Amino acid sequence: MKNIGLKEIDDVVPEVDTGLLTGWLNRTDLARELTLSVDTLQRWETRRMGPPCVRVGRKVLYRMEAVRDWLRDQEARKVGASRAVAGRR
């Protein structure tokens, strides 16, 4: 009987990309993309102020289009807030 190590098993079983999660990011990837810490995204989720996410078991996934929409909304709020302050002067 041949003894196969873990490294050899990885070489035997190719990783198949089915495209199922195309357009989705995990928390680590999104934190890296936004140059934030994973902890910041966790706190935002708890406070319900961060980008919308979906939980699949223990994984937290973010749909790229939803994150883009959230970013646009943040930008619009920032512009709107500065205009409101300018109007009160």
Side-chain angles (χ1 to χ4, degrees):
M1 180 180 253
K2 184 178 177 186
N3 188 6
I4 300 176
L6 291 177
K7 181 165 175 38
E8 293 171 357
I9 290 174
D10 289 340
D11 293 339
V12 174
V13 181
E15 188 174 316
V16 178
D17 184 14
T18 61
L20 179 66
L21 294 177
T22 301
W24 293 82
L25 296 168
N26 63 26
R27 186 174 274 162
T28 305
D29 293 339
L30 182 61
R32 187 177 308 120
E33 186 73 24
L34 297 176
T35 60
L36 299 169
S37 70
V38 172
D39 187 50
T40 298
L41 287 174
Q42 289 172 340
R43 283 186 274 120
W44 284 357
E45 180 189 357
T46 302
R47 295 177 184 166
R48 299 186 191 280
M49 59 183 283
C53 63
V54 174
R55 287 191 165 271
V56 180
R58 291 185 177 185
K59 282 192 172 202
V60 178
L61 299 174
Y62 298 86
R63 191 170 52 88
M64 283 191 232
E65 276 304 311
V67 172
R68 286 186 186 113
D69 291 343
W70 178 79
L71 286 170
R72 285 186 197 106
D73 185 48
Q74 298 303 305
E75 182 84 15
R77 286 181 187 204
K78 182 178 177 183
V79 171
S82 63
R83 286 183 183 163
V85 170
R88 285 188 261 164
R89 290 183 186 170

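Fair warning: this is a prediction, and the values are worked out from it, not measured in the lab.
Under the 4.5 Å side-chain contact rule for hydrophobic residues, Y62 and L21 do not share a cluster. Both V56 and W24 are assigned to one and the same hydrophobic cluster, defined by single-linkage of ILVMFWY side chains at heavy-atom distances under 4.5 Å.
Atom CH2 of residue W70 and atom CH2 of residue W44 lie 4.0 Å apart, to the nearest 0.5 angstrom. The CG atom of L61 sits 8.5 Å away from atom CG of L25, with the distance rounded to the nearest 0.5 Å. To the nearest 0.5 Å, atom CG of residue L34 and atom CG of residue L36 are 5.0 Å apart. With values rounded to the nearest 0.5 angstrom, L20 atom CG is found 8.0 Å from T22 atom OG1.
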L30 vs V67, test: side-chain contact (heavy atoms from CB on, under 4.5 Å). Steps then yes/no. CA-CA 9 Å; L30 182 61; V67 172; 3.9 Å; yes

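Ion pair E65/R68 flagged as a salt bridge, since at least one NZ, NE, NH1 or NH2 atom sits closer than 4.0 Å to an Asp/Glu carboxylate oxygen.
Using a 3.5 Å distance cut-off with no hydrogens or angles, the side chains of R43 and T46 do not pair a donor with an acceptor.
Taking 4.5 Å as the limit, every side-chain heavy atom of E33 sits out of range of all side-chain heavy atoms of M64.
Other residues, nucleotides and ligands contribute more than 12 heavy atoms inside 6.0 Å of the CZ atom of R55.
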